[in-house]
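Heads up: the structure comes next, in structure tokens.
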Amino acid sequence: MRSENPVMNKILDAYKPMWSLNHAISLMGWDFETYMPRKGTEERGVADSQLRILHKDLLLNKDFVGLVESAKKMGSLSDLEKGIIRVLNREITTQIKIPKELTEAESLERIRGNMVWREAREKSDFMMYAPHLKKMIEIKKQIADKIGYEKHPYDALLDKFEEDLTVDDLDKVFGALTSRIQRILKKLVDSGSPFCKESKLGKSKYDTQRVDELNHGILALLQLDMERFRMDVSTHPFTEAMGLNDVRITTRYEGTDFKKSISGTIHEAGHALYNLQCDQSLSVTPVEGGSSLGLHESQSRFWENIVGRSLPFVQLIAPLIRKQVISANQATDDELYLYFNNVKADCIRVDADEVTYNLHIAIRYEVEKKIFGDELSVYEIPEFWNDRMEQLLGVRPTEDSQGVLQDTHWSSGLFGYFPTYTLGNLVSAIIASKMRKDLDGYEEDIKGGNFEPIREWLRLKIHQHGSVYAPKTLLNNTFNEDYNPDYFVTYIENKYLGS
Ligand code: MG
């Protein structure tokens, strides 16, 4: 984009090399998870940390900081320009506070710790990974101290992923959410709900190539622009946007329980659509991505769950499923619907259903809050984790690979990230509630594969803005809401209890 304002143009020009470094770091991150040979790890660690240092040098260059400072004082900026300055200013103030050595230590530990975590998870050996977790937590505590916070050290880390998010916000969210979800779960189980009956479809094997075709069929239905988008395979599905016109997702093929692969694909496609539908004028600017991780997750969860696990959507893709999955070739639409929406309290977060998912996040939130509040040591985590699993979900992991070792996040230095999954779920329900009031033929459109009205609604309300607005501002301006859990609880009650 070009601005009327010469200072803004100078800022955007100076930002281009930083954007390019981000572009390269993203591409390397995608490659690390997909195609990089295993022994490339150490070298990749060096390259990654060096590029980040280069990025930091450019960002903190005196002239650049001076330009951003002078733009901050200008009264006549547009919303877009204000967004650019807000995002840059956030990055500068955070980075100024974090010394080079800490950035480098984190980057190196991220690569090393992640490799050890992978092996430790395979062997289900928490003690093998514990020294790395301890190291990463020490680094993160130092970072939190350098960034600074008003009330809780964890606030400093939360803000990185969700602007202005605090422990106070999350205590309010989980305080209002956890017990209500537990009650719903209990009702479902006690009443012998058909949603709780495990489907035999989850047990049977599938042909990877045919489910890959099925996934591509679904992407075609969702009309993702294949000239700006691609899908590969990785152990943990993710989305990586190199820019607005090169957005990549991955999916997974485990050979059984085909809904995991389908849901994973739809989830990541939802993330991708957010980037793909940002206004093109935001390309190569600091505001080209989504507003926050929570908002991003609201898009993936909206498509994965609210659309993807709805009866009309299952009816839409049922013929594709019956064609590509041999074991499902006789399954009725209703059987497929119950299979996609099976509710079961279990140990693994990524396999969790809509009802129990946020309970998994509640536990991770409690653990992280306690770690950074100095209330829990590394060696106490597994038992605390298992106790809380038993209390909230009624299941106790028998192995650390089923418990504390299951997620990649901590080994990658991602503390403060998990809560954004729950925020995404909550916001997806807010979106669905507002959208249904605006779009008359919502369900018929889904059943008929006409996603244009939904996509356009999302584009106008959320996607086009990129990160011009902070998440709390966007939620307030667009929906007159905050991370209000009521919509989600109502959605779950209506869908699963039919009330
Ligand atoms: Mg996601």
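Residue numbers count from 1 along this sequence. First listed ligand is number 1; within each ligand, the first listed atom is number 1. None of these values were measured; they are calculated from a predicted model.
- Residues that satisfy the side-chain contact (heavy atoms from CB on, under 4.5 Å) test with Arg436, not counting sequence neighbours, are Tyr442, Glu443.
- Tyr491 has its side chain out of reach of Glu493: every pair of non-hydrogen atoms, C-beta onward, lies at least 4.5 Å apart.
- Residues Ser292 and Glu162 bring a donor and an acceptor atom of their side chains to less than 3.5 Å of each other.
- Counted by atom type alone, Arg309 and Ser263 present one or more donor-acceptor pairs between their side chains at under 3.5 Å.
- Inter-residue side-chain proximity for Leu158 and Tyr417 is flagged as unmet; no heavy-atom pair is nearer than 4.5 Å.
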| task | Begin from the C-alpha positions of Phe418 and Tyr365 and carry the test ring-ring contact (aromatic ring centres under 6.0 Å, His included) through to its verdict. | result | CA-CA 7 Å; Phe418 284 121; Tyr365 169 61; over 10 Å; no
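- The count of protein N, O or S atoms under 2.8 Å from the Mg ion (ligand 1) stands at 3, with waters excluded from the count.
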